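Structure first, then comments.
In this text the structure is predicted, and so the values were computed from the model without any measurement. No hydrogens, no waters, no symmetry mates; every other heavy atom, side chains included, goes into these values.
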Amino acid sequence: MMGSSLLLAQFLCLLLFHSHSQPTHSSSNFSSSVQLCPRDQSLALLQFKNSFPMPSSPSTFPCYPPEKVLWKEGTDCCTWDGVTCNIKTGHVIGLDLGCSMLIGTLHSNSTLFSLHHLQKLNLSYNDFNRSVISSSFGQFLHLTHLDLNSSNFAGQVPPEISHLSRLVSLGLSSNSGELMLEPISFNKLAQNLTQLRELYLGGVNMSLVVPSSLMNLSSSLSSLQLWDCGLQGELPDNFFRRSNLQWLDLWSNEGLTGSFPQYNLSNALSHLDLSYTRISIHLEPDSISHLKSVEKLYLSGCNFVGSNLDLFGNLTQLIELGLKDNQFGGQIPFSLGKLKQLKYLHLGNNSFIGPIPDSLFKLTQLEWLDLSYNRLIGLIPFQISRLSSLTALLLSNNQLIGRIPSQISRLSGLIILDLSHNLLNGTTPSSLFSMPSLHFLLLNNNLLYGQISPFLCKSLQYINLSFNKLYGQIPPSVFKLEHLRLLRLSSNDKLTGNISSVICELKFLEILDLSNNGFSGFIPQCLGNFSDGLLVLHLGGNNLHGNIPSIYSEGNDLRYLNFNGNQLKGVIPPSIINCVNLEFLDLGNNMIDDTFPSFLETLPKLKVVILRSNKLHGSLKGPTVKDSFSKLQIFDLSNNSLSGPLPTEYFNNFKAMMSIDQDMDYMRTKNVSTTYVFSVQLAWKGSQTVFPKIQIALTTLDLSCNKFTGKIPESLRKLKSLKQLNLSHNSLIGCIQPSLGNLTDLESLDLSSNLLAGRIPQELVDLTFLQVLNLSYNQLEGLIPQGKQFNTFENGSYEGNLGLCGFPLQVKCNKGEGQQPPPSNFEKQGSMFEEGFGWKAVTMGYGCGFVFGISIGYVVFRARKAAWFVNMVEDIFTRRGDHLPG
């Protein structure tokens, strides 16, 4: 995907999995012009190829260039691409179909398994649709090389693989994540494959295999890849002393323990990756000095003993060094400047301080430098231009200041430039936009100002200049970047002008975010259907007017659509139903004049619907399709003119709001090449709040400021994961349902400005996460419940209810009025108690266009205990003269 779609993929893979590449293997191409291959083998090959349909697009393949298998019947199969024959007999002995666009199930009766003379077989980088690896592979008794890497196999690795006693190389890495190797099969493999020199099992589930059994593998083993295998337990230190071992990758086996030997390490070892294991590594002179043969060393997220990083400067043979995700502090060691052969250096996500050391600029062979996510300060040194071989420079998430040095543009081979999330200021050097090889230009979240220079670099694919102080118009040259996949110019405030329809010529665009600027004019109508690959369209927070693009083509892949905060009129286009992958829809704060778009219920993945502050009218009719809105987590129709009863039947379908999700991740585009974290602005606990990231566990239902009538439906009790419920400023009647006490995750409840009557249910006291309560301006009466969170609410929560009495109001209850009736059996069943606590305590206002001041005070502390408990503990500690722990 860089320059072409593949080049980008290659560099993304290098960025994320740099240490997990493996040697590739290809068979020799022997063919015979004298003797044709046997007819039965030719027929078997054709039948095998024809058992897989030809895909329409190669875009889903993790390799480039994928090649179609073009074999012509009636010709000598020994001349076919990927086929190798024995010169004397004509038998097919080699088959190389790696990255050949084979899609479908590989059955055990496939004609492939009739090719008994095969010695080398490569089926890597295809998609066998989670096929089980057939036991028939055990019939290839002459096989020396078997490569099934990255081909989407699943299930158990068959024990029959151990029958292949001549195997020299076996590759099963990077399959579906559902491939498992059980101890019995592994032990047979280790016992019988005595000639094995290369074994690639990365990503295979080996969690039941005892690490000590790895000692039984062939003594000839030179390359072993066991990354992310789920290995648990202690690995004997003698394993690192195997005399022939050259390549060892144990990355991301977080349960793997042991101690890296401090002496007698194999002199053959050249590639070592112990990242994200619990193997102890001693940073002592004796233990580091014996790594003299290691050229590629990856020790990210490791269990280090000691902190003398200067020792790495003695490993002058190093070509690649990865030390990210540790807790190293202090300044970056000057001794690293002695590693003159270094091409790859990753020190990201540590706690290094101080300026970027000049010693790094002696590493003139360096191709990849990552110092991101540290606490580096000062200027970006202009001497960085001495690193003339750099292809990637990543300095993001530090505290770097000053101007971007124009000398960076001298790095003619630079492909990735990431200076985001710093304090850089000044104008952006125009020369950066002319760098001939640049694919990634990431300058977002700085203090840069000025106009955007013309883009003269035709290779750019990812541009992020958001969250700066840029002004002016988008230069027309950006629309000529035909390979552009991401364009983010959001939150610059002063970018203006119209959005040209020429933008629709960017056919590869996946993410377009121009939000929170001053763009005006009409939204180009072509944006709805110009590219099936568009994932994110965010034009919110501008001055756009006219209608929403009316045509969304079938087969589009749109996930996030946000036009919030413009001046759009008209109706919501029904063609949005073609966006079957849509997860996020925000059309709020416009002037849309329409009824509720019930056709949205047909979108199976929809999680967020925000239509607040428009001119929606009419009633919400019930669902017409099964499981409508079943994934919905955020539903905001507030500040409209919707009428009729609350949509009870929709509530019954909100399955995602019925189960409490503890997932702390954020909503984002998934299973695509470009990740985009969803953002949203919500009325949250009475204040307008921007969520730059939306936690998956966030659920809210806001129907406030409409004309809904009738009672609060009993079906709301099912929505147990709700964090916020706002039904205020409607014309609801009846009582507050005691079953709302079932909403045990609720942090904010607003039923104010309705016509609700009766008592406040005692069951609400058990909402121990509740931080904000507003029941004001109803017709409630009786004693206000006491205890737990209710002890923290002030007058504003209850004012305007003349019949209420008790704390915190000054109105005292009459005799007999202060007694709560016992709950019914039904109410007892509906009441749940769960100690705990909400996310934040805040001071906020309520209502539609006006504010009630509700001062909440100190409601929570970091231990997540309920406010009533905090008050009690604080009182005890105060009396003792102690302080609460921080």
Side-chain angles (χ1 to χ4, degrees), residues 685 712 716-717 720 722-725 735-752 756 758-776 778 780-799 801 803-844 846 852 854-879 884:
K685 302 179 183 178
I712 297 176
L716 280 175
R717 69 190 294 268
K720 295 182 179 180
L722 269 184
K723 298 285 191 296
Q724 173 173 270
L725 174 61
C735 65
I736 299 175
Q737 296 283 0
S739 59
L740 291 182
N742 273 5
L743 307 182
T744 53
D745 255 25
L746 206 61
E747 300 178 16
S748 176
L749 175 62
D750 190 349
L751 305 177
S752 64
L756 300 172
R759 292 175 176 265
I760 300 174
Q762 182 69 25
E763 287 79 359
L764 299 187
V765 174
D766 290 338
L767 299 178
T768 52
F769 285 2
L770 197 63
Q771 299 173 5
V772 177
L773 175 68
N774 195 347
L775 305 178
S776 63
N778 280 287
L780 301 172
E781 60 185 14
L783 174 67
I784 296 173
Q786 301 299 307
K788 301 176 184 175
Q789 299 295 88
F790 270 70
N791 290 350
T792 69
F793 302 135
E794 298 187 353
N795 289 15
S797 295
Y798 310 107
E799 63 184 349
N801 292 280
L804 287 178
C805 59
F807 180 82
L809 300 179
Q810 299 299 317
V811 181
K812 294 185 179 181
C813 296
N814 297 326
K815 187 176 182 180
E817 194 175 12
Q819 305 209 356
Q820 290 279 3
S824 65
N825 288 336
F826 171 79
E827 291 170 351
K828 286 181 180 177
Q829 292 173 1
S831 174
M832 297 177 65
F833 177 76
E834 197 175 295
E835 283 197 25
F837 216 71
W839 293 353
K840 294 181 182 177
V842 291
T843 302
M844 55 204 56
Y846 263 82
F852 296 104
I854 302 177
S855 179
I856 297 178
Y858 183 67
V859 178
V860 299
F861 63 89
R862 286 161 53 183
R864 285 181 57 89
K865 294 188 170 54
W868 59 270
F869 181 72
V870 174
N871 292 338
M872 180 182 70
V873 173
E874 284 185 324
D875 185 57
I876 293 173
F877 271 78
T878 301
R879 290 176 187 174
L884 280 171

Approximate separation, where rounding is to 0.5 Å, of Asp745 CG and Gln724 CD = 13.5 Å
So CD1 of Ile760 and CD1 of Ile736: to nearest 0.5 Å the spacing works out to 6.0 Å
Taking only residues two or more places apart in sequence, or in another chain, which ones meet Asn801 in a side-chain contact (heavy atoms from CB on, under 4.5 Å)?
-> Asn778, Leu780, Leu804
Evaluate the criterion side-chain contact (heavy atoms from CB on, under 4.5 Å) for residue pair Glu763 and Leu740; output intermediate values, then yes/no.
-> CA-CA 8 Å; Glu763 287 79 359; Leu740 291 182; over 6 Å; no
How many angstroms lie between OG in Ser748 and CG in Leu722, if you round to the nearest 0.5 Å?
-> 10.5 Å
What residues form a ring-ring contact (aromatic ring centres under 6.0 Å, His included) with Phe790, not counting sequence neighbours?
-> Phe793
If you round to the nearest 0.5 Å, how far is OG1 of Thr744 from CZ of Phe769?
-> 7.5 Å
Gln737 side chain to Ile712 backbone, donor-acceptor under 3.5 Å = yes
Check whether any side-chain heavy atom of Leu749 sits under 4.5 Å from a side-chain heavy atom of Leu743, and report yes or no.
-> no
Heavy-atom side-chain contact between Asn791 and Gln786 under 4.5 Å = yes
Heavy-atom check, side chain of Ile784 versus side chain of Cys813, under 4.5 Å | no
Tightest non-hydrogen contact, residues Gly796 and Ser776, listed as O-CB, 3.7 Å
Give a yes or no on whether the backbone of Asn774 and the side-chain of Ser752 come within a donor-acceptor separation of less than 3.5 Å.
-> no
Kindly compute the distance separating OG1 (Thr768) from CD (Glu747), expressed to the nearest 0.5 Å.
-> 10.5 Å
Spacing of Leu773 atom CG and Glu794 atom CD [to the nearest 0.5 Å] | 12.5 Å
Does the side chain of Leu809 come within less than 4.5 Å of Asn795's, by heavy atoms?
-> yes
